[in-house]
Protein chains: 4
Amino acid sequence: MTEQPPISVGIVGATGYAGQELVRLLARHPRTALRAVTASGDTAGPRRLPALARIWDSEVTPYSSTSFDGIDTVFLSVPEALAAALALEHLTAGRRVFDLSGAYRLRDASLRGRFYPNTPDPLPDHTLYALPELARSELPDARLVSCPGCYPAATLLGIGPLAVAGLLEGDVIVDAKSGVSGAGKAPSERTHFSENHGSVAAYGLFAHRHTPEMEQALGLPVTFVPHLVPLDRGLLATIYARVAPGVEAADLTVCYEAAYRHAAFVRLTGDQRLPEIKHVAHTNFCDIGWRLDRTTRRLIVVACIDNLLKGAAGQAVQNFNLAYGFSECDGLL
Amino acid sequence: MTEQPPISVGIVGATGYAGQELVRLLARHPRTALRAVTASGDTAGPRRLPALARIWDSEVTPYSSTSFDGIDTVFLSVPEALAAALALEHLTAGRRVFDLSGAYRLRDASLRGRFYPNTPDPLPDHTLYALPELARSELPDARLVSCPGCYPAATLLGIGPLAVAGLLEGDVIVDAKSGVSGAGKAPSERTHFSENHGSVAAYGLFAHRHTPEMEQALGLPVTFVPHLVPLDRGLLATIYARVAPGVEAADLTVCYEAAYRHAAFVRLTGDQRLPEIKHVAHTNFCDIGWRLDRTTRRLIVVACIDNLLKGAAGQAVQNFNLAYGFSECDGLL
Amino acid sequence: MTEQPPISVGIVGATGYAGQELVRLLARHPRTALRAVTASGDTAGPRRLPALARIWDSEVTPYSSTSFDGIDTVFLSVPEALAAALALEHLTAGRRVFDLSGAYRLRDASLRGRFYPNTPDPLPDHTLYALPELARSELPDARLVSCPGCYPAATLLGIGPLAVAGLLEGDVIVDAKSGVSGAGKAPSERTHFSENHGSVAAYGLFAHRHTPEMEQALGLPVTFVPHLVPLDRGLLATIYARVAPGVEAADLTVCYEAAYRHAAFVRLTGDQRLPEIKHVAHTNFCDIGWRLDRTTRRLIVVACIDNLLKGAAGQAVQNFNLAYGFSECDGLL
Amino acid sequence: MTEQPPISVGIVGATGYAGQELVRLLARHPRTALRAVTASGDTAGPRRLPALARIWDSEVTPYSSTSFDGIDTVFLSVPEALAAALALEHLTAGRRVFDLSGAYRLRDASLRGRFYPNTPDPLPDHTLYALPELARSELPDARLVSCPGCYPAATLLGIGPLAVAGLLEGDVIVDAKSGVSGAGKAPSERTHFSENHGSVAAYGLFAHRHTPEMEQALGLPVTFVPHLVPLDRGLLATIYARVAPGVEAADLTVCYEAAYRHAAFVRLTGDQRLPEIKHVAHTNFCDIGWRLDRTTRRLIVVACIDNLLKGAAGQAVQNFNLAYGFSECDGLL
């Protein structure tokens with residue numbers, strides 16, 4: 001066992017749902033010392049997180065940059081306009097930054113200008129868009145780690161290896177079903193209990209900013225329709241693609257197994273059993289199953305994750321582990 | 001069949017959950033012409049109610065008193081301060097008023113002053129607190145009908161006849177479980193989806209204004225704890241009382257059956273089968289079951305209703321039916 | 001108003017979820033006399049339906065064909081093997097039959113033999129597969145009315161008119177989200193509360209018998225993936241198609257409005273607002289919204305219904321109304 | 001850090017909900033080696049637990065007593081008739097037994113004979129009914145540890161210390177709301193999704209075997225009504241008691257704080273904030289809040305737990321930790 005001292009870490013945006021999961025994970029992480037936990041702004045006074053009592057018993061303080069003096073690494077769980085600015089501030093102060101927002105996800109400057117107008121151009125040096133399973137070797141050099149959104153995380157885990165291997169052709173349809181916690185903690189009509197209980201609703205057709213993020217990573221056109229389903233935590237993506245001529249079921253299996261041989265948090269259910277949200281909720285796992293119809297070359301992939309863990313806080317901590325050379329699983333199992 | 005012309009009715013507060021149910025019921029009621037449907041204030045512009053398309057296709061308009069010119073009867077589904085004022089305005093204009101708020105529910109002036117400080121004192125002439133099953137004969141003379149709250153409605157239907165008949169002694173505990181629609185349509189942390197899904201929470205201990213309303217009707221001290229449960233519509237009250245010495249199970253059955261012999265919307269499940277919310281949701285029924293332990297004289301009564309229908313809009317329409325001498329069931333089955 | 005005597009009707013399979021909805025609808029239908037209500041077999045004794053007390057207070061009896069003596073019309077809500085046989089029996093006895101099962105849905109004998117092996121070949125004379133909105137004029141001549149499945153009902157209402165008008169090309173993807181009542185009333189691991197709460201699961205990939213039913217009606221290849229979502233009643237289908245070259249958004253609007261001009265139960269939310277299950281649950285409505293991306297010609301249609309009403313019992317009663325020349329809405333609003 | 005070798009443990013009944021939680025906890029417990037994991041009977045073949053893949057990747061095997069050769073400690077998560085027999089078998093074989101069933105919970109032989117007729121009389125030596133917080137010092141000597149039921153666990157944590165200190169008088173009412181996982185994994189009408197979604201139902205009035213268990217520990221008469229609420233995991237008990245004359249709010253606070261000063265898993269929310277299931281689900285915590293009305297001496301206590309962890313598997317592991325002298329928290333945080 002290494003004798004390395006713990007990494008001192010801080011969190012901005014700790015009162016949101018993903019932020020609270022960061023606190024829960026980092027307070028018990030064997031390699032970190034959680035030294036600063038702040039809200040995203042400076043207005044609210046200090047407050048406790050009742051659900052985390054006995055796990056982390058300090059107070060979330062209003063944001064101030066001096067709270068982070070002496071801290072090595074900062075996790076940002078704040079809206080993207082704020083993340084765009086705070087990432088620069090903490091990078092300049094010499095800290096490594098793990099950003100859960102979308103601010104630094106898009107490489108193409110014009111797309112980025114459209115979806116994330118507050119992000120600087122060009123991107124800072126050593127910025128890395130990192131899905132941990134696919135960016136393993138690049139993470140140690142990254143200073144600003146931009147973590148994928150919850151929908152892209154499930155989608156890229158689900159078909160990223162197939163797309164990269166050239167096994168797919170044509171466009172891809174991603175029909176995703178997300179728990180309501182994905183819409184955040186701020187009360188609104190859209191997140192009101194009575195509007196979601198007993199209901200399902202699609203939103204963001206042809207307009208969701210996770211679409212260019214998926215297209216960037218897959219290199220294929222994506223039609224993406226997210227839906228809110230009446231549950232709290234979890235996200236299931238049903239992905240419709242077509243395999244290139246000559247691709248057989250066995251090729252898919254080989255590709256998946258090669259891609260995820262060393263991935264502690266990807267569980268392949270294969271082409272017989274399908275994943276269910278229940279099996280991944282409250283975990284950092286991504287479960288992936290699939291079926292190929294040979295005649296039509298139609299491929300259906302089902303991938304599911306906990307949107308707050310593998311789709312947000314857990315994934316950021318996994319990136320942190322890989323960036324520092326720790327075990328991928330530290331603090332996550 | 002009578003040849004009586006329809007009663008022209010109006011609704012104030014039609015965009016809330018109970019208000020929308022009033023629109024649904026009154027738009028199809030065989031005895032009414034729904035002539036005015038307004039919001040509770042004058043700020044928002046006209047808007048449609050998508051869930052009611054094809055049932056009622058007009059627009060909810062901002063409130064203005066002139067909208068009610070020529071109208072006979074007004075239903076108020078607005079907060080109590082506003083209801084206190086609007087009831088007087090419409091009474092003065094010669095209209096019959098059915099008030100779903102708490103403004104006119106308490107007879108005792110000092111209690112009323114504490115819980116509903118905007119209500120005038122003394123109450124207007126011909127004000128009647130009316131649970132339809134227990135106020136049947138008085139309703140034709142009432143001009144301002146104050147409809148019980150959802151928790152008192154279930155509780156009074158559940159043990160009102162026993163209390164009136166003197167079969168109970170000591171204090172009563174009402175442990176109620178309500179769907180979240182009972183907390184209204186305004187988004188808040190308390191009504192946020194993710195805060196209620198997978199959760200149950202008690203609230204309002206020793207402080208809920210429905211307590212004096214129950215005590216007024218029962219003549220017994222009441223300890224009342226409401227809980228939000230993760231469903232949309234429905235309310236189940238578990239009521240703990242003690243029967244007077246000598247009261248037998250058969251006495252309870254006789255009392256219930258006498259009280260509800262002609263009550264179209266009360267269904268006694270008896271002392272073998274217990275009611276469930278599922279059986280009353282989206283209906284105007286109240287289901288009531290009970291069990292008596294002879295040795296300890298402990299009585300448990302379970303009563304359940306749909307909080308928006310039998311606990312609000314349906315009950316108001318039932319009161320309307322009885323006040324005008326129509327069949328109790330008109331527009332409600 | 002007509003002086004026509006009521007049609008005497010009977011129901012087989014009244015204890016299932018769709019069967020109970022049939023009882024609820026037909027007991028209050030202004031044109032029917034509900035004379036026989038039986039279970040699907042002869043083993044269980046008579047039993048009451050507590051949720052329907054005061055609406056229909058008789059008992060469901062074991063099945064016997066003599067129960068239907070003197071009855072004009074029979075609704076079958078039983079598994080398809082049984083429906084295949086009972087339909088013949090009641091047709092032979094001179095009764096009109098409305099079959100909610102899949103037994104008589106497929107025209108192609110070889111497909112039918114594969115998915116519904118108990119169905120006779122050829123089909124009886126005057127057999128009609130009838131989605132009421134699209135079979136209006138043919139229903140009066142039908143003797144055996146085969147009602148669409150819940151998934152096909154939403155899908156065909158959603159894109160049937162576009163397909164018939166030749167506005168679509170290529171294949172169609174139907175990603176459907178159904179409440180668990182669609183899986184029936186028999187307890188199983190798949191319908192266990194704890195397996196579905198907080199979960200979403202896909203099932204039946206490339207194997208669901210509703211696929212050939214959709215392809216038969218649309219004349220286009222269909223990839224269909226149903227999902228169970230954690231709610232009781234309702235079904236939302238997200239349909240991915242491609243419009244033919246030159247088809248504009250306005251063409252879609254014109255086509256939909258023409259197809260549904262006289263359809264009392266189809267509500268077009270248009271290309272701005274999307275349907276939600278909450279708005280159709282416990283109703284016979286189908287809400288339909290859509291979005292077209294001109295550049296890629298990708299069309300997304302969202303259609304939703306209550307699976308037990310518009311997807312089963314309500315649709316059957318609507319077919320009944322049209323078959324007998326009654327108003328489409330009788331007993332359904 | 002101690003150098004003690006791990007305790008070799010086995011589980012009987014690993015496929016049920018509580019059993020799976022035992023596997024999850026014990027597979028990662030720092031002090032145990034999980035050597036045998038069996039079903040409750042010998043009929044089903046080996047099977048995997050998909051939700052636990054990567055956490056525990058072996059197979060649940062059919063039960064056979066030889067599977068437990070060489071094992072120190074056995075956890076029983078099986079029905080009480082089977083538990084009664086298996087506990088004896090494993091005790092005789094020299095193993096320590098942690099029994100999650102009710103078989104050994106009641107001290108009074110006649111009550112035990114009524115509720116658990118398969119349990120031997122007298123009880124084996126060194127049998128201990130153990131709520132960990134209240135049996136801390138006795139656990140090291142116990143050989144058969146009978147773990148409380150989920151309802152008694154919440155209730156005894158909620159008012160046990162007050163009862164023991166003599167601060168209460170009269171009878172106690174426990175109105176409990178449980179997630180459906182408490183009813184187990186076997187499909188039934190009572191646990192069918194559609195019967196519970198959107199519903200609440202009381203059951204077991206004056207008949208639940210957890211009542212004598214509570215009365216035994218509290219020394220007070222208990223009226224207990226459990227309810228199923230539409231969520232998966234969690235249990236909230238609302239407890240109505242009366243304090244003895246002269247007892248003040250401060251006395252309650254002092255009593256609670258003394259009782260739970262060293263209790264890692266009890267979180268007192270005090271008399272201002274109330275517990276909610278959401279905060280304890282998927283944890284081993286019990287949150288407790290209360291309110292006293294001085295005038296009437298009416299006390300309301302709200303206690304909540306995760307029924308499968310603090311109410312079953314977590315509590316058993318906590319008992320295990322204390323019995324072996326480990327930290328109470330090992331494997332549970």
Side-chain angles (χ1 to χ4, degrees), chain A residues 1 17 20-21 24-25 27-30 47-57 181 185 193-194 197-199 230-234 260 262-270 272-289 304 306 308-309 328-329 331-333, chain D residues 1 17 20-21 24-25 27-30 47-57 181 185 193-194 197-199 230-234 260 262-270 272-289 304 306 308-309 328-329 331-333:
Chain A
M1 188 179 285
Y17 289 137
Q20 289 193 45
E21 289 302 316
R24 184 191 305 272
L25 293 171
R28 300 189 289 190
H29 194 288
R47 57 184 143 151
R48 299 194 169 275
L49 300 174
L52 296 183
R54 295 292 166 89
I55 293 169
W56 181 79
D57 275 314
S181 64
K185 194 157 180 271
F193 185 86
S194 295
H197 179 267
S199 200
L231 55 88
D232 183 25
R233 292 175 67 150
Y260 296 129
H262 304 294
F265 292 111
V266 175
R267 304 189 295 195
L268 301 173
T269 66
Q272 296 304 312
R273 204 170 56 73
L274 291 172
E276 304 180 23
I277 284 178
K278 184 178 168 70
H279 292 165
V280 299
H282 297 276
T283 81
N284 197 50
F285 291 116
C286 177
D287 284 4
I288 304 172
C304 63
D306 181 304
L308 296 181
L309 289 173
E328 185 171 25
C329 302
L332 289 171
L333 264 191
Chain D
M1 189 176 288
Y17 289 138
Q20 289 194 43
E21 290 301 316
R24 184 192 304 273
L25 293 171
R28 299 188 291 191
H29 194 288
R47 56 183 143 152
R48 300 194 167 276
L49 301 173
L52 296 184
R54 296 291 166 86
I55 293 168
W56 181 79
D57 275 314
S181 65
K185 192 157 182 272
F193 184 86
S194 295
H197 180 266
S199 201
L231 54 89
D232 183 25
R233 292 176 66 151
Y260 296 129
H262 304 294
F265 292 111
V266 175
R267 304 188 296 194
L268 302 174
T269 67
Q272 296 302 314
R273 204 169 57 72
L274 292 171
E276 305 180 25
I277 285 178
K278 183 178 168 71
H279 293 165
V280 300
H282 297 276
T283 81
N284 197 49
F285 292 113
C286 176
D287 285 3
I288 303 172
C304 63
D306 181 303
L308 295 181
L309 289 173
E328 184 172 26
C329 302
L332 289 171
L333 266 189

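Chain letters run A, B, ... following the sequence lines, proteins first, then strands; residues in each count from 1. Worth knowing before you read on, the calculation uses all heavy atoms, side chains too, and leaves out hydrogens, waters and symmetry mates.
Here D/Ala263 pairs with D/Glu133, D/Arg136, D/Tyr260, D/Val266 under the side chain to side chain contact (heavy atoms under 4.5 Å, CB included) rule; sequence neighbours left out.
Across D/Arg267 and A/Pro50, no two heavy atoms sit closer than the pair NH1-O, 3.7 Å. For the residue pair A/Arg28 and D/Leu333, the shortest heavy atom distance occurs at NH1-C, 3.0 Å.
Atoms NE2 and CG, from D/His279 and A/Leu49 in turn, are 9.5 Å apart once rounded to the nearest 0.5 Å. Put simply, CZ on D/Arg233 and NE2 on A/His282 are 8.0 Å apart, with the number rounded to the nearest 0.5 Å. Atom OG1 of A/Thr283 and atom CZ of D/Arg54 lie 11.5 Å apart (nearest 0.5 Å).
Using a 4.5 Å cut-off between heavy atoms, A/Phe265 touches chain D through its backbone atoms (N, CA, C, O) alone. In this structure, no portion of A/Asp287 lies under 4.5 Å from any heavy atom of chain D.
Chain A forms more heavy-atom pairs under 4.5 Å with one residue of D/Glu276, D/His197, D/Lys278 than with any other, namely D/His197.
Within a 6.0 Å radius of CZ in A/Arg47, other residues, nucleotides and ligands contribute 12 heavy atoms or fewer.
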